[in-house]
Amino acid sequence: MVDCRNLYFNSNQYDESAKIQKRIENRSNILVYPVLDRFKSEALQELDNEMQKYNLQSPDTVNFGSSLPVIVGKLQDYFFIALIFGSATHIKGTRRLLADVLSKYGLEFEDPYLVIQAIRLYFLNGQTEVGIKLFDKNKRLLFSQFNHEIDDMFSIFDSKYCINNISGRLEFIKNWGQQVNQGNFDKAVRFIYSILEDKDDTNIIGVGAALVVLSKRLKPNQVIELTYKIMKKSHISPIDLGYIPRILVSHNVNEYDTLTFSSRVKELAEMAPKELPFGDFSLVAPAIRELNNPDLLNSVREHSLAMTFNLRLLLDGGNFSEDYLVGLKSTLEKDIEESKQSGISLGGNKNIWCLESAIIGFELSQNDINKATVILVDLLKKAVTGTSFSIILGVLEVMVELLEKIYLNNLNVPEYFKNVGNIYLSESAKKATSIETFARTYRDINSLLLIINY
């Protein structure tokens, strides 16, 4: 080891270093750091010399590649010296410098090893998102080689030099938790438990997303236990609550204890906000119906985005009238009221899209058509009293799909549809957006009516 204590440095140039030296003059076990700055400048100077040699603004020739290992080697040596003699600032700065050099120049020559090294350093630096973006950008280049490195990368977060290792580990699990070996998988699960059992909720965000990735490899009893621990922290972000149904459906319902599964879902429904994000309860709808528990089904439906919930039932072989139109009118009426008060409706367009998908994708009886028409016309009457134009247009577009369904299946146009001709947009709705789109949709309706009647 080299004793750096007597190295000379200019106090005017290194003001901060000079202050440090004054504080440590009488402490022989602490080293001074100017040698590190000199070493770094030599490495960077060599990089600069190579670029000037080939008259390059960036290394875009094969010739430059021959010096890259030398430069990287110098930087890695510098990093090693920083770890032995340096301060946290030197260590952090060197890693960032190395990561930037590797990601920038490694890509020029499509060297997967250098790119993987850069990703590893970004994780170590706490720049997890940059590392993930670098991976996404180079998936084809890295291909199987990255999978081979995943377990080594996961161990980075055990390093005492890792910055933001908790949030970094969570992000890593969300992206590659399925691919780690069993030892690291067990370590990831223990890590999730530690966050859920910690009184400090700082790192709770992201646990749900990480568990979605791990859940398929978890045992059913672990899934139930971990979802319960998330529920116990019910004051956390509702986004994490929203992930619970995604976690639960990682196993078939018959793999769980039926009573436990039912009680967890019901508890979640009761503690959920007005609607879970993403309409996530739609994912557990078929499982709940399979349990043949009407009370649980109603409890969950009350707290769900009705359209996505019922669409999921429909996709699973449900009945359009019974499973889908239940709650439809009140849900869309709520969207309209929201839009009247604030000018926007958070669920409106999504709910209309779900209705349109159901009408297009499923076989409808004349009775289904009749019921859907009454709902749509009544909604349109309410919508034109000054609500969001997008909801009005959405309802009209669903009406076009409904008429096409009637025409293609040789069904009758319900009498109630005639009321559409008497509905006009309010002045406020006319100002909301281009009237041409509305007029075209309205013409489509009238044209389809003429074709069907003819």
Side-chain angles (χ1 to χ4, degrees), residues 279 282 285 304-336 339 345-384 387-425 429 432-454:
S282 64
S304 304
L305 286 169
M307 299 290 279
T308 53
F309 183 81
N310 291 323
L311 181 60
R312 180 66 61 172
L313 288 175
L314 199 60
L315 288 167
D316 197 49
N319 179 280
F320 185 84
S321 293
E322 291 175 14
D323 290 323
Y324 198 71
L325 295 179
V326 174
L328 167 60
K329 188 171 183 180
S330 61
T331 304
L332 285 172
E333 282 177 346
K334 178 185 160 193
D335 294 332
I336 289 168
S339 184
S345 171
L346 298 177
N349 291 335
K350 183 172 185 178
N351 286 331
I352 290 168
W353 172 82
C354 286
L355 175 59
E356 187 176 11
S357 297
I359 287 172
I360 293 171
F362 296 95
E363 186 176 333
L364 306 183
S365 67
Q366 184 69 56
N367 185 49
D368 295 332
I369 294 287
N370 294 344
K371 287 184 177 181
T373 299
V374 172
I375 288 172
L376 286 168
V377 174
D378 286 352
L379 285 170
L380 193 58
K381 287 178 181 177
K382 290 183 171 68
V384 297
T387 189
S388 163
F389 186 85
S390 63
I391 291 182
I392 300 168
L393 187 59
V395 173
L396 287 171
E397 287 174 346
V398 173
M399 287 180 167
V400 172
E401 300 294 348
L402 195 68
L403 284 169
E404 287 184 351
K405 199 80 172 182
I406 290 169
Y407 173 69
L408 292 171
N409 292 280
N410 199 26
L411 298 170
N412 297 319
V413 178
E415 287 293 314
Y416 209 71
F417 215 110
K418 295 177 182 177
N419 290 319
V420 177
N422 301 320
I423 299 170
Y424 301 97
L425 287 177
T433 187
S434 168
I435 200 69
E436 292 179 8
T437 309
F438 164 76
R440 185 171 64 249
T441 307
Y442 215 84
R443 281 198 303 273
D444 288 344
I445 289 175
N446 288 324
S447 299
L448 278 164
L449 282 169
L450 285 171
I451 290 169
I452 293 167
N453 289 334
Y454 177 77

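Since we're looking at a predicted model, the values are computed, not measured.
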Exercise. If we only count heavy atoms from C-beta on, is the Glu415 to Thr373 side-chain gap below 4.5 Å?
Worked result: no
For this session: Quick one: pull up CD1 in Ile406 and CZ in Phe417 and give me the separation to the nearest 0.5 Å.
Result: 6.0 Å
Exercise. CG of Asn409 to CD1 of Ile369: how many Å apart, nearest 0.5 Å?
Worked result: 7.5 Å
Problem set entry | Heavy-atom closest contact (Val398 atom, Glu356 atom, distance) | CG2-CB, 3.9 Å
Output side-chain donor-acceptor pairs under 3.5 Å for residues 359-368, partner residues at least two apart or in another chain, one line each.
{"from": "Ser365", "atom 1": "OG", "to": "Asn367", "atom 2": "N", "distance (Å)": "3.4"}
{"from": "Ser365", "atom 1": "OG", "to": "Asp368", "atom 2": "N", "distance (Å)": "3.1"}
{"from": "Ser365", "atom 1": "OG", "to": "Asp368", "atom 2": "OD2", "distance (Å)": "3.2"}
{"from": "Gln366", "atom 1": "OE1", "to": "Asn412", "atom 2": "N", "distance (Å)": "2.9"}
{"from": "Gln366", "atom 1": "NE2", "to": "Asn370", "atom 2": "OD1", "distance (Å)": "3.2"}
{"from": "Gln366", "atom 1": "NE2", "to": "Asn412", "atom 2": "O", "distance (Å)": "2.9"}
{"from": "Asp368", "atom 1": "OD1", "to": "Ser321", "atom 2": "OG", "distance (Å)": "2.1"}
{"from": "Asp368", "atom 1": "OD2", "to": "Ser365", "atom 2": "N", "distance (Å)": "3.0"}

Exercise. How many angstroms lie between CG in Leu376 and CG in Leu402, if you round to the nearest 0.5 Å?
Worked result: 6.5 Å
